[in-house]
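Naming convention: chains lettered A, B, ... in sequence-line order (proteins, then strands); numbering from 1 in each chain.
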Number of protein chains: 2
Amino acid sequence: MEDSGFIENSRTQMRRGVLEYSILLILDRDDEYASTIIRKLKDVDIIVVEGTLYPLLIRLKNMGLLNYRWQESTQGPPRKYYMITEKGRAQLRELDAAWSKLVQSIESIRTEKL
Amino acid sequence: MEDSGFIENSRTQMRRGVLEYSILLILDRDDEYASTIIRKLKDVDIIVVEGTLYPLLIRLKNMGLLNYRWQESTQGPPRKYYMITEKGRAQLRELDAAWSKLVQSIESIRTEKL
DNA sequence: TTTGAATACCTTGTATCGCAAGGTACTGAA
DNA sequence: TTCAGTACCTTGCGATACAAGGTATTCAAA
């Protein structure tokens, strides 16, 4: 790996850490299908591709955190709209806490409360 | 994977994302050897074990972001004190920016600036 | 009616990386 | 000289994001 690959790599790892969290946050607001989720994440510079998202959605669905319904589209094949379940919301609240804690932790290191 | 393994798993992934960043932050303040780094991270609830840290320090050293010197200990074998390099500091500044951006991104999703 | 472009969903193979577990080596005290 | 404590390092495994490629549906244009 060459030089500034390090930064890109590190950035990628940071993004990975919040992927599941981000998706649950988005679906907590509205039901969405894959392309919209990808676009919304991209809008805030969290780049995700299909090959990452589909297996992840399926995993979350199998864990009972998400569900989906098929919905017709005016142009193109039907879409799989994912929605968050009650169980998903419960987990989301825990992830909220975990994220806040992590932000605090980093802040502690930065300000030398060690 | 069973039920609340999800949260623990997600927490772990979040931590992973900031590991390199955390280590550079710590070494930006003082030179440290492995055990101290592990303790400082643990103090802010970022759990890391030896098997994770050693390869990581070696990788950062090979990339020229860190250096080390041997230093005697009053009890036990000599210690490998790691210190950050100029190059390391430069990359750290970029990670600072990347981290701030990510915190902003999550905040955007949470507050619906989508 | 058939072809092709656009859209959507999914799978496979690969590389990375953290972690559990286990190994080596140095030190000082019993 | 043996043992406990400390420190450094490696190996094998599992999880997972991503690149690349595949299938299916729709609609419009030829």
Rounded to whole angstroms, how far apart are [atom1] on [X] and [atom2] on [N]?
X: B/E32; N: D/dA7; atom1: CD; atom2: C1'; value: 15 Å
X: B/W70; N: C/dC26; atom1: CH2; atom2: P; value: 10 Å
X: B/K61; N: D/dC9; atom1: NZ; atom2: C1'; value: 15 Å
X: B/R11; N: D/dA15; atom1: CZ; atom2: C1'; value: 18 Å
X: B/R39; N: D/dT6; atom1: CZ; atom2: P; value: 14 Å
X: B/R69; N: D/dC8; atom1: CZ; atom2: C1'; value: 17 Å
X: B/I37; N: D/dT6; atom1: CD1; atom2: C1'; value: 16 Å
X: B/L56; N: D/dT10; atom1: CG; atom2: C1'; value: 15 Å

Which nucleotide, [options], lies nearest any side-chain atom of [X]?
X: A/P78; options: C/dA8, D/dT25, C/dC19; value: D/dT25
X: B/K80; options: D/dC8, D/dT26, D/dC18; value: D/dC8
X: B/N9; options: D/dC9, C/dA20, D/dT16; value: D/dT16
X: A/R59; options: D/dC18, D/dA24, D/dA17; value: D/dA17
X: B/T52; options: D/dC9, C/dA8, C/dC19; value: C/dC19
X: A/P77; options: C/dA8, D/dA17, C/dG18; value: C/dA8
X: B/Y54; options: D/dT10, D/dC8, C/dC19; value: D/dC8

- Take B/Q75 and A/Y81, find for each the nucleotide of DNA chain C with the closest heavy atom, and name the residue whose nucleotide sits nearer the 5' end. A/Y81

- Note on the structure: Between B/K40 and the options B/V48, B/I23, B/D30, the side-chain contact (heavy atoms from CB on, under 4.5 Å) test singles out B/D30

- Between A/K80 and A/Y33, is NZ or CZ placed under 6.0 angstrom from the six-membered ring centre and within 45° of the ring axis? no

- Query: Ignoring hydrogens and angles, are the base of D/dC8 and the side chain of B/E50 linked by a donor-acceptor pair under 3.5 Å?
  - Reply: yes

- If you pin A/G76 and A/R16 to their nearest nucleotides in DNA chain D, which one's is more 5'? A/R16

- Message: For A/R110, is there any backbone N or O sitting under 3.5 Å from a side-chain donor or acceptor partner on B/R29?
- Response: yes

- Query: Is the side chain of B/S73 donor-acceptor paired with the backbone N or O of B/P78 at a distance under 3.5 Å, no angle test?
  - Reply: no

- Query: Given side chains that start at C-beta, do those of A/Y21 and B/I109 come closer than 4.5 Å, heavy atoms only?
  - Reply: no

- Query: Is the shortest heavy-atom distance from the side chain of B/V49 to the side chain of B/I38 under 4.5 Å?
  - Reply: no

- Message: Does B/S73 reach a base, just sugar-phosphate, or nothing at all? Heavy atoms under 4.0 Å.
- Response: nothing

- Scan B/Q13 against the nucleic acid and name what it touches under 4.0 Å (heavy atoms): base, sugar-phosphate only, or nothing. sugar-phosphate

- Quick one: is B/Y33 getting a side-chain N or O under 4.0 Å of the D/dA7 phosphate, OP1 or OP2? yes

